[in-house]
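Take a look at the structure set out below.
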Protein chains: 2
Amino acid sequence: MELTTAEENYLKAIYHLSDGGKKSVSTNDIAAEMNTKAASVSDMLRKLGEKEVIEYRKYYGLQITESGKRHALQTIRKHRLWEVFLVEKLNFAWDEVHEVAEQLEHIHSPLLIQRLDSYLNYPKFDPHGDPIPDEFGDVRSRPRVQLNEMEVDQTGQIVAVKDSSAAFLRYLDKVGAYIGARIKILDKVEFDGSLEILVDQKKTLFMSKEVACNILVLQS
Amino acid sequence: MELTTAEENYLKAIYHLSDGGKKSVSTNDIAAEMNTKAASVSDMLRKLGEKEVIEYRKYYGLQITESGKRHALQTIRKHRLWEVFLVEKLNFAWDEVHEVAEQLEHIHSPLLIQRLDSYLNYPKFDPHGDPIPDEFGDVRSRPRVQLNEMEVDQTGQIVAVKDSSAAFLRYLDKVGAYIGARIKILDKVEFDGSLEILVDQKKTLFMSKEVACNILVLQS
DNA sequence: TTTTATTTTTAGCCTTACCTAAATCTTGAA
DNA sequence: TTCAAGATTTAGGTAAGGCTAAAAATAAAA
Ligand SMILES: [Mn+2]
Ligand SMILES: [Mn+2]
Ligand SMILES: [Mn+2]
Ligand SMILES: [Mn+2]
């Protein structure tokens, strides 16, 4: 069964907001995430329910079905593979890929995505550190914590970012934070949650809590 | 000014049917080319007229404008660059690329297409031998004749195909005709226009007029 | 247990891009 | 010059995806 571009986008949002089907999602949450209105969401939920990619009971929220998860993961897989392609092959910066990938993820061609995966050598993570589901929808996820949740003297490695906006990513470029960087918490200010961290054993960096909670770390 | 996917497709069809703005095109021609109905075409022509990519006088056909030509050539450029990418980088066969390129040509991102062009080393022709317009819309076209119009003993080189359908291209693969092949007309049957040709000085091939008129040759 | 605030859905409208059927224009044949 | 065939456009309708405003249901507070 084929989904339209709009349906794929809704399903992706529902998948993310529900944390892969675990949490329940509200109509208003979806509307906020998709920059649309609650009335439009209600309409779409009815359609997605008819296509059985969600289980929908009016006024009582929704549950993503197994079929829905497969569709969502397939779209996420395509999005992230294209992002890798843009960075690795076409020399895009990591803050330039998201918008284009939002378009490319809706190209329908199983052969294309299979060949792209092989051409890129079956990458496991996208340029923002997010895991790429395999062709069966399986995701190999690593245990990650938000940088703001770490304590003084703890160490780790930056493995992903939560915010993929150009503004945030360019800020990280400027201060020298990148995926793979080894870090150590030097100081944590109680008052505002801001941090002082050591990057790659040589550079110290101050950052606000707002920045820190968008950086994901693999602790060591 | 931005065009929708449907508008880009209409404009491309108009550009091709009018032979780059030279010939006049009828509503029915467009409907046939696009597998749609004349009424839908009329509707779209009005819209394209309002956007000034064509000059449209009701009942008297249309003229593609300079702006319209630029848009059409841009879409054609994207289509053909993607076809090269699919064949050169992702190992698609030349009969597998057209449908996917029909989708990819509508991705909007000037940076993407500029980088793709550079990544592919600024190719001049697509896998079917069609010229790729440069970023300014300039096309370097070669003088080509249809194989069926050649006379006995004339020689040349296959440089393009007119029909990009999988059925036709797979037939050419099977009989060993390919872009770049050197050919010589050995015999031409008056009755049905069928041909006997010599390929690469070693293999003889019989083909119907219908096949021959879809093969384009650079005469030598 | 009411009442109120909030969330969600429905009703009614819009645009794009299709469709069929009917009306209208152009043109070639008589 | 007239008229019918053929081409084209208009009228009216559908489906997807949006919107605002109004109605209805749920959840929270009194
Ligand atoms: Mn992204
Ligand atoms: Mn990403
Ligand atoms: Mn093509
Ligand atoms: Mn081609």
Side-chain angles (χ1 to χ4, degrees), chain A residues 1-15 17-18 23-64 68 71-72 75 99 102-103 105-108, chain B residues 1-15 17-18 23-64 68 71-72 75 99 102-103 105-108:
Chain A
M1 183 259 320
E2 290 291 294
L3 299 179
T4 66
T5 291
E7 288 167 342
E8 286 181 345
N9 284 333
Y10 271 96
L11 214 47
K12 205 160 49 109
I14 290 168
Y15 182 85
L17 288 170
S18 71
K23 284 186 271 184
S24 102
V25 211
S26 78
T27 300
N28 274 340
D29 287 348
I30 298 171
E33 172 81 10
M34 309 230 3
N35 275 94
T36 182
K37 297 299 155 73
S40 310
V41 175
S42 279
D43 225 48
M44 183 55 92
L45 292 183
R46 190 183 42 71
K47 286 185 226 164
L48 293 176
E50 281 164 10
K51 293 205 171 182
E52 298 184 14
V53 288
I54 63 171
E55 214 180 295
Y56 175 51
R57 283 176 50 227
K58 280 197 301 197
Y59 292 103
Y60 289 93
L62 59 97
Q63 181 94 38
I64 191 165
H71 279 285
T75 307
E99 297 305 311
E102 282 295 313
Q103 298 179 62
E105 71 188 10
H106 303 293
I107 303 288
H108 290 296
Chain B
M1 181 256 324
E2 291 290 295
L3 299 179
T4 66
T5 291
E7 287 168 342
E8 286 181 347
N9 284 333
Y10 270 95
L11 214 46
K12 206 160 48 109
I14 290 168
Y15 182 85
L17 288 170
S18 70
K23 284 185 271 185
S24 100
V25 209
S26 79
T27 300
N28 273 341
D29 287 349
I30 299 171
E33 172 80 11
M34 310 233 357
N35 275 97
T36 182
K37 297 299 155 74
S40 310
V41 175
S42 281
D43 224 47
M44 183 55 91
L45 292 182
R46 190 183 41 70
K47 287 185 228 164
L48 293 176
E50 281 165 10
K51 294 205 171 182
E52 299 185 12
V53 289
I54 62 171
E55 213 180 296
Y56 175 49
R57 283 177 49 227
K58 282 196 300 196
Y59 292 103
Y60 289 94
L62 59 97
Q63 182 93 39
I64 191 164
H71 279 284
T75 307
E99 297 306 312
E102 282 294 313
Q103 298 179 63
E105 72 188 6
H106 303 293
I107 303 288
H108 289 298

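What's counted below: heavy atoms across the whole structure, side chains too, no hydrogens, waters or symmetry copies. Here is how names work: the chains are called A, B, and so on, in the same order as the sequence lines, proteins then strands, and each is numbered from 1. Predicted, not measured: the structure shown is a model, and the values here were computed from it.
- In this structure, D43(B) places its CG atom 10 Å from P of dT16(C), rounding to the nearest Å.
- Taking NE2 of H106(B) as the start and NE2 of H106(A) as the end, the distance is 15.0 Å to the nearest 0.5 Å.
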Report all side-chain donor-acceptor pairs from residues 43-51 of chain B shorter than 3.5 Å, counting only partners two or more places apart or in another chain.
unit_1	atom_1	unit_2	atom_2	d
R46(B)	NH1	E50(B)	OE2	3.3
K51(B)	NZ	E2(B)	O	3.3
K51(B)	NZ	E7(B)	OE1	3.1
K51(B)	NZ	E7(B)	OE2	3.4

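- Read 5' to 3', the first and last nucleotides of DNA chain D with an atom closer than 4.0 Å to a heavy atom of chain B are dA7(D) to dT10(D).
- Residues from residues 55-63 of chain A lying near DNA chain C, meaning a heavy-atom separation below 4.0 Å, are Y56(A), K58(A), Y59(A) in numerical order.
- The two residues E8(B) and L3(B) come nearest to each other via the heavy atoms CG-CB, 3.9 Å.
- Residue Q63(B) places its CD atom among 12 or fewer non-hydrogen atoms of other residues, nucleotides or ligands, all under 6.0 Å distant.
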Name each donor-acceptor pair under 3.5 Å that joins a side chain in residues 29-38 of chain B to protein atoms two or more places apart or in another chain, with its distance.
unit_1	atom_1	unit_2	atom_2	d
D29(B)	OD1	S26(B)	OG	3.3
D29(B)	OD2	S26(B)	OG	3.3

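- Atom CG in L45(B) sits roughly 18 Å away from atom P in dC25(C) (whole-Å rounding).
- Across the protein-nucleic acid pair, M44(B) atom CE and dT16(C) atom C1' stand 8 Å apart, rounded to whole Å.
- Within the helix from dT1(C)-dA30(D) to dA30(C)-dT1(D), the inter-axis angle between the opening and closing five-pair segments is 20°, rounded to 10°.
- For A72(A) against Y15(A), the heavy-atom pair with the smallest separation is CB-CB, 3.6 Å.
- Using a 4.0 Å cut-off on heavy atoms, the residues of residues 23-41 of chain B that approach DNA chain C are T36(B), K37(B), A39(B), S40(B), listed by number.
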